[in-house]
Amino acid sequence: MNIITFTLALGAGSVAAGFLGALTGLGGGVVIVPLLVLLFGVDIRYAIGASLVSVIATSSGAAAAYVREGYSNIRVGMFLEIATTVGALSGAMVAAKVPTSGLAIVFGCVLLYSAYLSGRRMDGSTADARPDRWATALRLDATYPTPAGEQAYRVQHVPAGFGLMYAAGVLSGLLGIGSGAVKVLAMDQAMRLPFKVSTTTSNFMIGVTAAASAGVYLHRGYIDPGLAMPVVLGVLLGSMQGARVLGAAHPRRLRLVFTWVIVALALEMLFNGLTGRI
Amino acid sequence: MRRVTSAGADEQFDIVLAHVLRFGVLLSAGVVAAGGVVFLVRHGFEPPSYHVFRGQPLPLRSVLGIVAESFDLRGRGLIQLGLLLLIATPIARVVFSIAGFARQRDWLYVSITLVVLTLLGYSLLAGA
């Protein structure tokens with residue numbers, strides 16, 4: 001196999017990952033690393049570097065569409081961004097010291113958790129909840145548009161959300177993923193943000209968090225241009241197409257299929273990590 | 001188009017922001033693609049070697065090195081330049097948010113955003 005066929009195969013795989021990631025809302029990043037490592041035999045550190053830049057591409061591309069819809073809470077995003085960027089920097093620094101088999105094991109666990117989380121979603125009104133001391137001091141409470149008009153919400157458990165966001169940043173820097181799963185845990189479950197607000201705000205944050213760790217990866221020499229090129233272009237193309245056909249597809253069935261793909265990849269990453277093959 | 005986040009920036013500002021993001025992504029994708037063509041023309045028939053980690057050569061690791069390499073129209077240098085532009089896109093959004101908060105005289109959030117920007121700059125320029 002020469003570089004041209006390798007690039008074409010990798011590009012095709014990345015288009016598929018971006019397409020499914022956009023359709024299911026899970027993001028293409030979670031499958032890029034296992035795809036590169038397990039299918040293409042790429043060193044996991046190169047794979048993480050390539051995945052990281054593709055995460056920035058999809059996040060910024062999607063944010064351009066969401067930013068005008070009035071869902072995202074920029075204050076919540078910016079405040080939590082302190083936690084995620086510090087986390088991302090520490091994760092990226094730790095990544096250089098962790099053996100690759102360790103990275104594979106952590107990756108497998110995070111994949112399993114993402115798959116578990118994708119099965120359950122919840123949404124509830126928090127308009128009559130008690131105000132949180134931190135949310136009031138930081139003026140985080142806001143409203144968002146619904147078919148029935150503006151709906152107010154109160155942000156809950158700010159310190160817990162901030163802590164979870166630090167963890168999300170660490171995982172993002174360590175594994176080169178958007179860590180949307182942990183961000184959902186922090187914003188949906190802990191801070192009780194409405195679902196649409198938390199997904200669009202998390203999408204905005206993912207790009208900034210990934211940019212923080214991408215700088216470190218670049219300086220460490222983990223971002224290979226020959227590898228990142230087909231991955232970034234492929235994921236971008238795939239996610240744009242995915243967003244386009246979103247209305248016509250059956251997201252629930254697709255989500256189920258994608259979830260099982262992730263479970264399979266997780267088990268394979270865990271197996272390879274535990275037996276020391278990665 | 002309603003705009004109701006607590007940040008309350010007006011619609012015009014959001015439209016500019018959306019354009020900045022879209023422009024950043026398209027520009028970087030274009031540069032990456034152009035670099036990819038040069039890279040494939042020059043190295044396309046060599047065997048790929050990504051199985052063993054060696055790390056990138058020093059010029060492809062720093063902002064100044066990448067700019068110098070891409071001015072020589074080297075394929076890898078151009079791709080890295082495109083990736084740098086991609087990394088710069090969310091950073092540009094953070095810079096724009098500072099302007100937005102400053103216009104609302106929201107100095108608490110100007111400071112919070114400056115902290116985030118400093119962390120990003122440290123990562124990109126110093127490499128941590």
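To find a chain, count down the sequence lines: A is the first, B the second, and so on, and within it residues start at 1.
Using a 4.5 Å cut-off between heavy atoms, Val115(B) contacts chain A through its side chain alone, with no backbone atom that close. With a threshold of 4.5 angstrom between heavy atoms, Phe79(A) approaches chain B through its backbone and through its side chain. Interface remark: Leu52(A) contributes no atoms to any contact with chain B (heavy atom separation under 4.5 Å). Using a 4.5 Å cut-off between heavy atoms, Tyr109(B) contacts chain A through its side chain alone, with no backbone atom that close. The part of Ser97(B) that comes within reach of chain A is its side chain, from C-beta onward, which places non-hydrogen atoms under 4.5 angstrom from that chain. Heavy atoms closer than 4.5 Å to chain A are found in the side chain of Ile66(B), but not in its backbone. Leu120(B) touches chain A through its side chain: at least one heavy atom from C-beta onward sits under 4.5 Å away, while N, CA, C and O do not. Proximity to chain B involves both the backbone and the side chain of Ile82(A), based on heavy atoms less than 4.5 angstrom apart. In this structure, chain B has a heavy atom under 4.5 Å from the side chain of Leu233(A), while its backbone stays farther away. Using a 4.5 Å cut-off between heavy atoms, Leu108(B) contacts chain A through its side chain alone, with no backbone atom that close. Interface residue Phe53(B): backbone and side-chain heavy atoms are both found under 4.5 Å from chain A. Using a 4.5 Å cut-off between heavy atoms, Ala137(A) touches chain B through its backbone atoms (N, CA, C, O) alone. Contact of Phe204(A) with chain B is made through backbone and side chain together, with heavy-atom distances under 4.5 Å. Contact annotation for Leu26(B): neither backbone nor side-chain heavy atoms come within less than 4.5 Å of a heavy atom of chain A.
Across Pro47(B), Gly82(B), Gly75(B), the residue that shares the most heavy-atom pairs under 4.5 angstrom with chain A is Pro47(B). Interface check for chain B: of the options Val232(A), Thr85(A), Leu227(A), the most heavy-atom pairs under 4.5 Å are formed by Leu227(A). Of the listed residues Ala47(A), Ser60(A), Gly207(A), Ala214(A), the one with more heavy-atom pairs under 4.5 angstrom with chain B than any other is Ser60(A). Per-residue heavy-atom pair counts under 4.5 Å with chain A were compared for Val94(B), Val116(B), Val63(B), and the maximum is reached by Val116(B). Considering only heavy-atom pairs separated by less than 4.5 Å from chain B, the leading option among Thr7(A), Val208(A), Thr100(A), Leu236(A) is Val208(A). Most heavy-atom pairs under 4.5 Å with chain B: of the set Ala228(A), Ser59(A), Gly226(A), this distinction falls to Gly226(A). Among Leu138(A), Thr5(A), Val197(A), the residue with the largest count of heavy-atom pairs under 4.5 Å with chain B is Leu138(A). Across Pro48(B), Gly55(B), Ala29(B), Pro57(B), the residue that shares the most heavy-atom pairs under 4.5 angstrom with chain A is Pro48(B).
Other residues, nucleotides and ligands contribute more than 12 heavy atoms inside 6.0 Å of the CZ atom of Arg61(B).
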Requested in this report: Go through Arg192(A) and Arg154(A) one step at a time and tell me if the side-chain contact (heavy atoms from CB on, under 4.5 Å) criterion holds.
Outcome: CA-CA 8 Å; Arg192(A) 308 289 292 146; Arg154(A) 290 199 191 279; over 6 Å; no
Requested in this report: Assess whether side-chain contact (heavy atoms from CB on, under 4.5 Å) is satisfied between Ile32(A) and Ser14(A), documenting all intermediate values.
Outcome: CA-CA 7 Å; Ile32(A) 284 294; Ser14(A) 305; 4.0 Å; yes
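When all heavy atoms are compared, the tightest approach of Val20(B) to Ala92(B) is CG1-CB, 4.2 Å.
Aromatic rings of Phe23(B) and His19(B) (six-membered ring for Trp) have centroids beyond the 6.0 Å cut-off, not under it.
Taken from CG in Leu8(A) to CD1 in Ile3(A), the straight-line distance is 12.0 Å, to the nearest 0.5 Å. The line from CG of Leu78(B) to OG of Ser70(B) is 5.5 Å long, rounded to the nearest 0.5 Å.
Within the structure, the side-chain hydrogen bond (donor to acceptor under 3.5 Å, both in side chains) test picks out no pair touching residues 225-234 of chain A (sequence neighbours left out).
Applying the salt bridge (charged side-chain N to carboxylate O under 4.0 Å, His left out) rule to Asp43(A) yields the partners Arg45(A); only residues at least two apart in sequence or on another chain are considered.
Distance alone, capped at 3.5 Å, is enough to place a donor-acceptor pair between the His219(A) side chain and the Leu124(B) backbone.
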